[in-house]
Structure formats: structure tokens, C-alpha cells
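Reviewing the structure listed below.
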Amino acid sequence: MRDTRSILAERLQAAFDTVEPGADPVLRLSEHADLQANGALALAKRLRRPPRPLAEEIAAAADLADVCRSVDVSGPGFLNLVLSDDFVAGQVAAMAADDRLGVPLAADPAVVVVDYSAPNVAKEMHVGHLRSTIIGDALARMAGHAGHQVVRENHVGDWGTPFGMLIEHLVDLGEEKAVHDLSVGDLDAFYRQARSSFDGDPSFQERSRRRVVLLQSGDPDTIRLWRVLVGQSVAYFDEVYAKLGVLLTDGDVVGESFYNPMLPGVVEDLDKLGLLQEDDGARCVFPPGFANRSGDPLPLIVQKSDGGFGYGATDLAAIRDRVQRLGATQILYVVGAPQAQHLQMCMAVARMAGWLPDSVEAVHVAFGNVLAPDRKMLRSRSGESVKLVDLLDEGVRRAADALAERGGDLPVASRAAVARALGVGAVKYADLSTDRARDYVFDWDRMLGFEGDTGPYLQYAHARIRSIFRRGRVEPPPPGTRPVLAEPAERALALHLLGFAGALDAARSAQAPSRLAGYLFDLAATFTAFYEQCPVLKAEGQVRAGRLALADLVARTLARGLDLLGMEAPQQM
């Protein structure tokens with residue numbers, strides 16, 4: 001099916017073209033009508049004509065008789081559009097008959113590389129990884145659903161000087177015991193023990209430094225031990241991703257080590273291009289427009305004075321690889337806001353070098369922090385970062401308690417699965433429903449509430465709709481059933497359903513899952529108003545069939561939207 005706004009935009013564009021080809025109708029939602037076209041005002045200004053007569057001319061030229069009940073000119077030249085009930089009902093029926101619920105596939109699919117999660121080997125995932133992982137997962141899901149080719153890249157920290165220390169600690173423990181300790185998921189303890197040995201034992205320090213040299217030179221035994229560390233860590237990451245319900249797999253891991261062989265070539269090519277300059281012994285690029293607090297040009301360090309490579313070199317190698325090998329046409333970096341300047345400088349240097357052409361969009365999808373109720377950084381009682389796995393387990397426990405308090409007829413066998421869906425969904429929705437650029441307060445009581453803008457509220461709304469069909473012992477009407485739209489609440493719900501494709505496109509275009517979350521919350525609230533004013537099972541004939549069709553379509557839309565946010569939609573709660 002074609003979505004409603006596309007149909008209107010096409011018809012209005014033809015009318016605007018009669019005045020000036022290509023003039024933008026500027027189609028918007030409106031409080032005074034179903035939609036409003038505001039383009040006549042800007043067009044009149046350009047043409048130096050009175051806007052209201054111009055708007056009337058456009059309205060007369062617009063072929064909207066089969067779409068709109070009325071097209072009125074208001075104010076200085078706004079076009080107020082009220083859709084006909086017949087058109088709305090037909091669009092809802094078409095949406096219900098469409099497996100994609102009216103969401104079109106991209107006409108020109110992109111290759112979208114999403115860089116997200118990025119934990120460090122031999123360190124546990126903590127709350128600091130939460131936002132990158134779930135925002136990145138939602139963006140990857142939405143891009144894939146739109147028909148783009150999505151490449152997920154988990155840029156894990158698996159290389160560098162700390163690995164000398166970690167490998168030596170593995171050797172001291174014995175490989176079998178080290179594997180056991182890592183396999184039970186206590187990676188932080190392993191890292192702390194290695195750091196303690198390094199800080200307190202000069203001979204261990206020396207061995208660690210030698211081990212780094214062996215690692216970087218490709219010593220076979222050292223590489224084997226390094227792979228043990230990486231393999232155990234990745235297995236642990238997989239367990240966390242499974243709990244969290246995200247799509248990352250082993251095959252998506254592209255660590256710093258992957259780019260290490262490329263770094264000398266990055267330096268050599270930058271040098272050939274005449275972009276490298278020496279600064280205090282380091283080899284740097286000075287992209288225009290970046291300065292320190294004193295106003296001096298700011299360098300991107302590519303190779304340090306000791307010959308080692310900076311993070312800039314790795315990130316430049318990643319950009320070049322993603323464009324040249326993967327064919328990326330869009331790269332999304334789902335990385336915290338503090339990395340903004342570094343990423344901007346890397347992108348600027350990559351464009352200077354020709355590795356990031358203008359045809360490729362690179363976007364820093366920045367996000368804020370997760371705060372405790374006292375608005376300080378969320379930490380455990382011991383003052384450390386909260387482990388992500390502990391956070392998720394607590395959410396599931398709390399959700400199970402909330403379900404037990406509510407009672408209901410949920411089968412005992414289903415309680416554990418529903419508690420998991422609610423607990424994890426509550427954590428995800430609290431994050432994804434927030435403007436990603438903002439910090440947000442982590443509050444279990446609010447997040448797990450069944451009222452208000454929460455994950456459980458949306459999940460309960462879906463389950464509640466499915467219960468209508470169970471109670472009435474009826475199946476959803478056949479696809480294509482047209483609602484009658486006899487009541488204002490029916491029409492309001494139908495119109496809101498038709499906004500799904502637009503809401504998803506807006507969320508995808510702005511890399512803002514909160515826009516999809518907001519749409520779903522408003523849809524659930526609009527359904528509640530409909531359900532209170534319009535009896536469903538007690539209605540008769542075509543009215544009953546139409547209301548059942550609306551209810552089923554709302555449930556399907558909620559389930560699809562929640563899935564795109566990485567959340568489950570239980571059938572019963």
C-alpha cells in the first residue's frame with residue numbers, strides 16, 4: 001500500500017507545480033484539521049504575490065476529491081485538509097492487509113554500518129554499555145526493516161598494552177584455571193588481579209612489557225593465549241546480549257586487532273598525501289576548524305612519539321575499511337557524547353584524505369548518561385559501575401514480583417518468560433523513550449509501572465487487546481475488513497494507525513528511537529480512549545467487525561513497533 005502522507009504529498013505537489021515546479025507543499029499535522037499544507041506562504045513570498053489568493057488557486061488545482069472531505073484555506077494561506085472517512089477506512093483496511101503494515105521499502109537501499117556496544121576484552125559489560133547497545137540495536141532493526149543492508153560492527157577493545165599484563169596473569173594462573181575463572185563471567189576480578197600484580201611486582205611489569213612486544217610481533221604462543229582471552233570474553237558478551245535480547249553475534253565482532261595490520265598503511269598514505277605534520281615527536285593531522293582552549297590548532301594523533309599508533313589511526317583505518325571493503329553509504333557511530341570531538345576530527349581527516357567521500361554519510365549518534373535518582377552517575381553500593389547482567393537480572397526479579405502482586409490468570413508456566421520480557425523491556429523502553437542526547441534517571445518504580453509512559457504499559461496494552469479476542473472467543477476479521485468509523489474515537493484511532501510509517505521513517509531519519517516510542521505510547525493511549533467509548537464485543541454487524549479489525553491492527557502495530565525497539569510483546573499478562 002501507499003501511505004497516506006505520500007498520496008497527499010503527490011497530489012499537492014502536482015497542484016503546487018502548476019504555480020512553480022518543485023515548490024514544497026510543506027505538509028504537516030495540524031490541530032485544526034487532519035493535515036495542513038503551509039507551502040503557499042513561502043511560495044507567495046518568493047513570487048511576491050498575496051498568499052491567500054495563491055493558496056486558493058492551489059486548492060482549486062489540487063485533485064483531492066477522492067481523498068479529502070474538505071480542503072479549506074485559513075489564515076494568511078494555510079491549506080487545511082480533512083480526510084474523507086471512506087478514504088481513511090480504505091487506507092486502514094489496506095494497512096491491515098499488508099504484512100509490512102504500510103511501511104514501504106527504501107527505493108534506494110543504503111549499506112548502513114552501525115558501530116555500537118564496543119565492550120573491552122577481559123572486562124565485564126556495565127551500565128555504561130547499556131545505551132550504546134540498545135540504541136544501536138534499535139537503529140539496526142529499523143534500518144533493516146526499511147530495506148537497507150545493515151552491517152553490525154561491534155568494535156571491541158581487544159588490542160594494546162594492557163594485554164601484556166593480562167596474558168602474563170593468565171600464564172601465572174595456569175591456562176585451565178584462567179579459562180574457568182573467565183568462563184564463570186567474573187572478568188572484572190581477573191582484570192583487577194592482573195592490575196594488582198602489575199602495580200606491585202616489578203618483575204611482572206617487565207614480563208608484561210616483553211609480552212606486549214611478543215604480541216605485536218605475532219609470536220605464535222602469545223597470539224594463542226591472546227585468543228583464549230578474547231574467546232572467553234566474547235562468549236561472556238554473547239550471554240549478556242542474549243539476556244538483553246539484542247541481535248549482535250560473534251560474527252559482528254570487529255575488534256581493534258582487526259585494524260592493526262592496516263595502521264602502517266594509514267600513516268604511509270597520509271604522509272604521501274602531505275597531511276602529516278610532526279608535533280612533539282608525534283605524527284599528526286591538523287584538520288581545519290578544531291582548536292584547543294588557547295585557540296591553537298588541535299592535532300589528531302596518528303602515530304605517537306614512541307612509534308605506537310593512536311586511536312585516531314585505528315578509527316581512520318575503520319572508516320577506510322567500511323567504505324572501501326563494505327561499501328558503506330552510511331556509517332552510524334553509536335558512541336557517548338564525550339567522544340564527539342574525536343569522531344568529528346576523524347571524519348574530517350578521512351574526508352581530507354578522500355577515504356570518506358561526500359556520497360557517504362557518517363553520523364555520530366551521541367547519547368547522554370544513565371543517572372541514579374540522586375542525579376549522580378549510576379553506581380553499585382560499592383561505588384563501582386553497575387554490571388549490566390546484574391541490572392537485567394534485577395529487572396526480571398522485580399517484574400516477577402510485580403506480576404505476582406497483580407495476580408490475574410497468567411499461567412504459571414508463562415510467568416518466567418513474561419517477567420523476563422517485562423523486566424528487560426522496562427530497562428530498554430526507559431532508555432529508548434528518552435531523547436538520546438539527554439541524561440535520564442534510572443528509577444525502577446517508574447520504569448516497571450503499568451501506568452504512564454513505560455514499557456510494561458505498552459506491553460500490557462498489547463496483551464489487553466489480545467485478551468479481547470480470547471474472551472470473545474473470536475478470531476480477527478479477515479484482512480481488508482473496513483472499519484465503519486461511526487464514532488470520533490474510531491476515526492481518531494484509525495488516523496493514528498496511519499501514522500505508523502511516518503513515525504518509523506522519522507525515527508530512522510533522525511536516528512531517534514524515542515520518536516517511535518512516543519508514537520507507540522500515543523497509539524496505546526488512543527486505543528484506551530477508543531475502547532472506553534466504543535464497545536467492541538457488544539457491538540453488532542459491520543460495526544463489530546470493524547472495531548475488531550481496528551483492535552487487531554493496533555495489537556499488530558504495537559507488536560511490530562516494540563520488536564523494532566528490541567522488545568517483546570507478550571500475548572498474555
Side-chain angles (χ1 to χ4, degrees), residues 127 130 134 239-240 242-246 370-375 378-381 386-434 440-473 514 517-518 520-532 536-537 551 554-559 561-563 565-573:
V127 70
L130 177 66
I134 63 177
E239 292 179 10
V240 179
K243 280 181 179 286
L244 194 53
V246 298
V370 183
L371 305 178
D374 61 4
R375 301 203 66 82
L378 184 65
R379 298 194 179 278
S380 66
R381 291 181 180 178
V386 177
K387 294 179 180 180
L388 190 48
V389 68
D390 292 343
L391 190 78
L392 298 174
D393 287 345
E394 182 175 357
V396 173
R397 285 195 299 271
R398 286 174 178 262
D401 291 343
L403 283 172
E405 288 177 10
R406 288 177 66 85
D409 57 356
L410 184 65
V412 175
S414 302
R415 287 181 181 271
V418 173
R420 180 188 176 282
L422 285 178
V424 175
V427 171
K428 286 188 170 184
Y429 188 82
D431 191 308
L432 295 173
S433 62
T434 303
Y440 75 94
V441 174
F442 198 93
D443 182 340
W444 280 121
D445 291 338
R446 179 184 63 81
M447 290 162 55
L448 283 164
F450 284 84
E451 303 293 334
D453 191 7
T454 68
Y457 170 75
L458 291 183
Q459 291 167 314
Y460 179 65
H462 174 266
R464 182 186 183 192
I465 295 170
R466 288 303 173 209
S467 73
I468 294 172
F469 294 91
R470 287 196 301 274
R471 290 199 320 271
R473 297 181 180 179
S514 59
L520 295 176
F521 173 70
D522 290 342
L523 177 61
T526 305
F527 176 80
T528 298
F530 156 80
Y531 192 65
E532 290 172 351
V536 177
L537 294 176
V554 171
R556 289 168 60 198
T557 304
L558 286 173
L562 289 172
D563 180 67
L565 295 177
M567 296 170 57
E568 296 179 48
Q571 295 290 312
Q572 189 174 358
M573 287 171 56

Original post:
Which heavy-atom pair separates Arg420 from Val396 by the least distance, and what is that distance?
Top reply: CA-CG2, 3.8 Å
Original post:
Which distance, rounded to the nearest 0.5 Å, do you find between the CG of Leu448 and the CG of Asp443?
Top reply: 9.5 Å
Original post:
Would you call Gln572 and Pro411 a side-chain contact if the rule is heavy atoms closer than 4.5 Å?
Top reply: yes
**OP:** Please report the C-alpha distance between Leu565 and Leu520 in whole Å, then the side-chain angles of each, then the deciding distance to 0.1 Å, and finally whether the side chain to side chain contact (heavy atoms under 4.5 Å, CB included) criterion is met.
**Re:** CA-CA 11 Å; Leu565 295 177; Leu520 295 176; 4.0 Å; yes
Original post:
How are the rings of Tyr531 and Phe527 set relative to one another: parallel (under 30°), tilted (30 to 60°) or perpendicular (over 60°)?
Top reply: parallel
Subject >> side chain to side chain contact (heavy atoms under 4.5 Å, CB included) assessment of Val370 paired with Tyr440 >> reply: CA-CA 5 Å; Val370 183; Tyr440 75 94; 3.8 Å; yes
Original post:
Closest approach of Gly455 and Met567, non-hydrogen atoms and distance?
Top reply: CA-CE, 3.9 Å
**OP:** Check for a donor-acceptor pair, side chain of Gln459 on one end and backbone N or O of Glu568 on the other, with a separation under 3.5 Å.
**Re:** yes
Original post:
To the nearest 0.5 Å, how far apart are CZ in Arg470 and CD1 in Ile465?
Top reply: 11.5 Å
Original post:
Measuring from Lys387:NZ to Leu392:CG, what's the distance to the nearest 0.5 Å?
Top reply: 13.5 Å
**OP:** May I ask you to test the Met573-Leu422 pair for a side-chain heavy-atom distance under 4.5 Å?
**Re:** yes
**OP:** Measure the spacing between CZ of Arg466 and CZ of Arg471 and express it to the nearest 0.5 Å.
**Re:** 13.0 Å
Original post:
Can the positive tip of Arg406 be found less than 6.0 Å from the middle of the six-membered ring of Tyr460, inside 45° of the ring normal?
Top reply: yes
**OP:** Taking all non-hydrogen atoms of both residues into account, name the closest pair between Met447 and Ala430 and its distance.
**Re:** CG-CB, 3.5 Å
Subject >> Glu239/Lys243 ion pair, N-O < 4.0 Å >> reply: no
Original post:
So, Thr454 side chain and Phe450 main chain: donor-acceptor pair closer than 3.5 Å or not?
Top reply: no
Original post:
Any idea which heavy atoms bring Leu458 and Phe521 closest together, and the distance?
Top reply: CD2-CA, 3.6 Å
Subject >> Working for side chain to side chain contact (heavy atoms under 4.5 Å, CB included), residues Val427 and Trp444 >> reply: CA-CA 9 Å; Val427 171; Trp444 280 121; 3.8 Å; yes
**OP:** State, to 0.1 Å, how close Gly423 and Ala399 come at their nearest heavy-atom pair, and which atoms those are.
**Re:** N-CB, 3.6 Å
**OP:** Kindly determine whether Leu391 and Phe442 satisfy side chain to side chain contact (heavy atoms under 4.5 Å, CB included), including the steps that lead there.
**Re:** CA-CA 11 Å; Leu391 190 78; Phe442 198 93; 3.5 Å; yes
**OP:** Locate the shortest heavy-atom distance separating Ala524 from Ala461; write the atom from each residue and the value.
**Re:** CB-CB, 4.0 Å
Original post:
Backbone N or O of Leu244 within a donor-acceptor pair of the Lys428 side chain at under 3.5 Å?
Top reply: yes
Original post:
From Tyr429 OH over to Leu562 CG, what is the distance, rounded to the nearest 0.5 angstrom?
Top reply: 8.5 Å
Subject >> Ile134 side, atom CD1; Asp431 side, atom CG - distance, nearest 0.5 Å >> reply: 3.5 Å
